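Scroll down for the structure; my scribbles are underneath it.
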Amino acid sequence: MQWETVIGLEVHTQLTTQSKIFSGASIAFGAEPNTQACQVDIALPGVLPVLNRGAVERAIKFGLAIGAKLNRTNIFARKNYFYPDLPKGYQISQFELPIVEGGALTVQVEGDKPGDKTVEKTVRITRAHLEEDAGKSLHEDFHGMTGIDLNRAGTPLLEIVSEPDMRSAREAVAYAKALHTLVTWIGTCDGNMQEGSFRVDANVSVRPLGQKEFGTRREIKNLNSFRFLEQAINYEVRWQIEQIEDGHKIQQATVLFNPDTGETRAMRSKEDAHDYRYFPDPDLLPVKLDEAWIEQVKASLPELPEQKQTRYRDQLGLSAYDAITLTGSRAMAEYFEAVLAEQANPDAKLAANWIMGDLSAALNKAELDIADSRIGAGQLAGLLARIQDGTLSGKLAKQVFEAMWSEGGEADAIIEARGLKQMSDSGEIERIIDEVMAANARSVEEFRSGKEKAFNALVGQVMKASKGKANPAQVNDLLRKKLGAS
Amino acid sequence: MSLSIDDVKRIAKLARIRVSEDEAAGYQTRLNGIFGLIESMQAVDTAGVEPMSHAQDLAQRLRPDAVTEPNRREAFQAIAPQVEDGLYLVPKVIE
């Protein structure tokens with residue numbers, strides 16, 4: 001039987017505020033336990049929550065970025081459950097009337113093999129709501145007790161819930177990555193997955209291909225890398241299909257992914273767990289968003305990844321792949337645009353190739369972000385100018401790039417100091433060609449008897465003899481002339 | 001609508017309240033009394049009335065995003081039953 005996978009994601013994004021959503025305690029990462037947990041966060045009797053304007057503003061920003069409806073009146077509710085890292089006995093969240101409803105994200109899904117065409121896919125977003133994070137429970141090393149750190153309690157989160165629109169792990173990863181790019185791009189979340197600022201839950205089910213109704217879903221909790229997301233979904237899908245084909249029914253459950261084994265495993269059965277008994281929080285009044293505020297936030301939005309991709313394709317003539325790669329982060333796109341701005345004769349494709357090729361490789365190797373690149377946009381533009389005017393061949397340009405990366409400096413100074421100028425003096429090149437032809441009589445013979453391959457060998461020899469400085473196009477021309485003439 | 005004894009027990013369990021068999025019957029009667037009240041209210045025609053989420057017709061006041069709370073861990077932990085290495089200790093819970 002043919003099966004179809006159905007996936008919806010719930011993503012918890014930690015907002016980039018200074019203070020908590022309902023208190024004035026700091027949310028800085030890595031503080032000593034409980035030093036950033038004030039009376040509101042530890043739920044002492046009589047305390048009241050006061051909503052952080054910065055958290056609401058970030059939610060508005062996200063809603064605008066995905067073209068969603070912003071509920072001008074939205075309300076907070078209590079989600080009731082008992083756990084020691086939730087001292088109030090309820091989490092303040094939004095249930096009916098969340099701040100953001102609807103909207104969508106268009107993502108590019110990679111093909112089966114690298115180089116395959118990407119497929120465009122629109123994932124609808126159901127809602128995004130504001131809520132507070134819980135504290136942390138540490139189950140080890142406290143002689144049979146559990147240690148509770150409430151620093152994280154009250155940290156502002158925007159939970160972004162998608163429709164079950166994805167049909168493969170690859171689509172889910174593409175959506176998660178696009179969402180990650182978007183929230184870091186607009187600055188509502190720092191996207192740090194190691195620190196838990198961007199956590200993904202995946203709702204996964206399978207159904208016979210062509211069936212309308214969804215199968216029973218299981219929710220994989222707390223995936224903190226894109227690789228784990230993909231592995232966990234693929235494992236879960238195989239497991240569900242096997243279960244059904246063996247005649248079992250899927251039970252709705254919450255499961256955890258174990259990165260060491262690559263398997264998913266059900267947590268305790270949750271017969272009562274989903275009864276959160278939501279009700280409007282009487283401690284918080286309805287939140288009203290006024291138009292002037294929304295307009296102000298709208299004006300502060302930068303050009304978004306999707307908009308840039310369209311512009312790069314339509315106006316700069318880049319491929320879809322290049323456009324996606326260059327908008328992988330805001331810093332990357334800004335660097336690319338800075339290079340173009342510095343170029344006397346802007347050549348988007350040339351700039352894109354160098355940024356996505358040599359520069360990205362060097363950054364990866366040095367584990368640097370493009371914002372911390374050792375080669376500035378102006379320097380790279382200087383190098384590209386020397387390629388454009390023929391001073392540098394591709395090979396020489398790489399040498400200049402390497403020198404620039406390791407020692408700094410402008411392209412022209414490096415070319416001068418190292419004598420890396422491309423040789424374009426045809427007399428000099430002809431002299432080398434004559435030498436090479438004399439020394440490689442056999443290759444010359446082979447070429448004349450029709451072996452085109454021998455030609456490339458001769459070009460190689462000429463380039464080698466010129467120490468890579470000869471202009472390859474010129475070598476081609478001159479060599480062909482000489483071989484044909486005599 | 002009316003609640004069964006099992007409903008009452010389940011609600012008590014969710015709220016972590018210990019309720020004996022005798023008490024459960026009493027709660028059942030009183031909770032069902034509340035349901036009666038709700039039913040009378042639901043009989044009122046509310047067409048055109050906007051749902052209300054708060055008794056006061058006001059909007060939530062917002063606080064500027066600034067860190068205003070100092071570290072008062074020592075004072076808070078002085079009244080905690082058990083602490084270690086800055087953590088509050090509780091009976092072991094593991095999912």
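What you see is a predicted model, and the numbers here were worked out from it, not measured in a lab. Letters A, B, ... are given to chains in the order of the sequence lines, protein chains preceding strands, and every chain is numbered from 1.
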- Query: What distance separates A:Ser137 OG from B:Lys92 NZ, expressed to the nearest 0.5 Å?
  - Reply: 11.0 Å
- Message: If you define the side chain from C-beta out and look only at heavy atoms, does anything of A:Gln39 sit under 4.5 Å from B:Arg72?
- Response: yes
- Residues in ring pair (Phe, Tyr, Trp, His ring centres under 6.0 Å) contact with A:Phe82, at least two apart in sequence or another chain: none
- In this structure, are over 12 heavy atoms from other groups packed under 6.0 Å from A:Glu195 atom CD? yes
- Note on the structure: So, the part of A:Leu51 with a heavy atom under 4.5 Å from chain B: the answer is both
- Run the side chain to side chain contact (heavy atoms under 4.5 Å, CB included) check on B:Arg73 and A:Gln36 step by step: do they pass? CA-CA 8 Å; B:Arg73 181 173 80 178; A:Gln36 294 177 169; over 6 Å; no
- The interface call for B:Glu74 against chain A, heavy-atom contacts under 4.5 Å, is neither
- Rounded distance [0.5 Å steps], CZ in B:Phe76 versus CG in A:Asp41: 8.5 Å
- At what distance, to the nearest 0.5 angstrom, does CG of A:Asp275 lie from NZ of B:Lys13? 11.0 Å
- Can you sort out the partners of A:Phe228 under ring pair (Phe, Tyr, Trp, His ring centres under 6.0 Å), two or more places apart, ordered by chain and number? A:Phe257
- Message: Counting only heavy atoms from other residues, nucleotides and ligands, does the tally under 6.0 Å from CZ of A:Arg72 exceed 12?
- Response: yes
- Item | Residues of residues 50-63 of chain B near chain A, each having a heavy atom less than 4.5 Å away | B:Ser53, B:His54, B:Gln56, B:Leu58, B:Ala59, B:Gln60, B:Arg61, B:Leu62, B:Arg63
- B:Tyr88: partners by ring pair (Phe, Tyr, Trp, His ring centres under 6.0 Å), with sequence neighbours left out: none
- Largest heavy-atom contact set with chain B, pairs under 4.5 Å, which of A:Pro286, A:Pro280, A:Ala31: A:Pro286
- Query: Does the side chain of A:Lys20 reach to within under 4.5 Å of the side chain of B:Glu69, using non-hydrogen atoms?
  - Reply: no
- Query: Which atom names give the shortest non-hydrogen contact between B:Leu87 and A:Asn34, and what distance separates them?
  - Reply: CA-ND2, 3.6 Å
- Which atom pair, heavy atoms only, marks the closest approach of B:Asp65 to A:Ser19? OD1-OG, 2.7 Å
- Between B:Leu14 and A:Arg277, the two heavy atoms sitting closest are O-NH2, 3.5 Å
- Item | Engaged part of A:Leu284 at the chain B interface, taking heavy atoms whose separation is under 4.5 Å | both
- Task: Output the option from B:Asn71, B:Val90, B:Val83, B:Thr68 having the highest count of non-hydrogen pairs under 4.5 Å with chain A.
- Result: B:Val90
- Query: Which bit of A:Val56 is near chain B, if near means a heavy-atom gap under 4.5 Å: side chain, backbone, both or neither?
  - Reply: side chain
- Please state whether the side chain, the backbone, both or neither of A:Leu44 comes within less than 4.5 Å of a heavy atom of chain B. side chain
- Task: Heavy-atom distances under 4.5 Å only: say whether A:Leu138 touches chain B with side chain, backbone, both or neither.
- Result: side chain
- Under 4.5 Å from any heavy atom of chain B - which part of A:Phe279: neither
- Message: Please determine whether the number of non-hydrogen atoms from other residues, nucleotides or ligands lying under 6.0 Å from atom CD of B:Glu84 exceeds 12.
- Response: yes
- Query: Roughly how far, to the nearest 0.5 Å, is NE2 of A:His143 from CG of B:Leu89?
  - Reply: 6.5 Å
- Query: A:Met145 and B:Pro91: which non-hydrogen atoms are nearest, and at how many Å?
  - Reply: CE-N, 4.3 Å
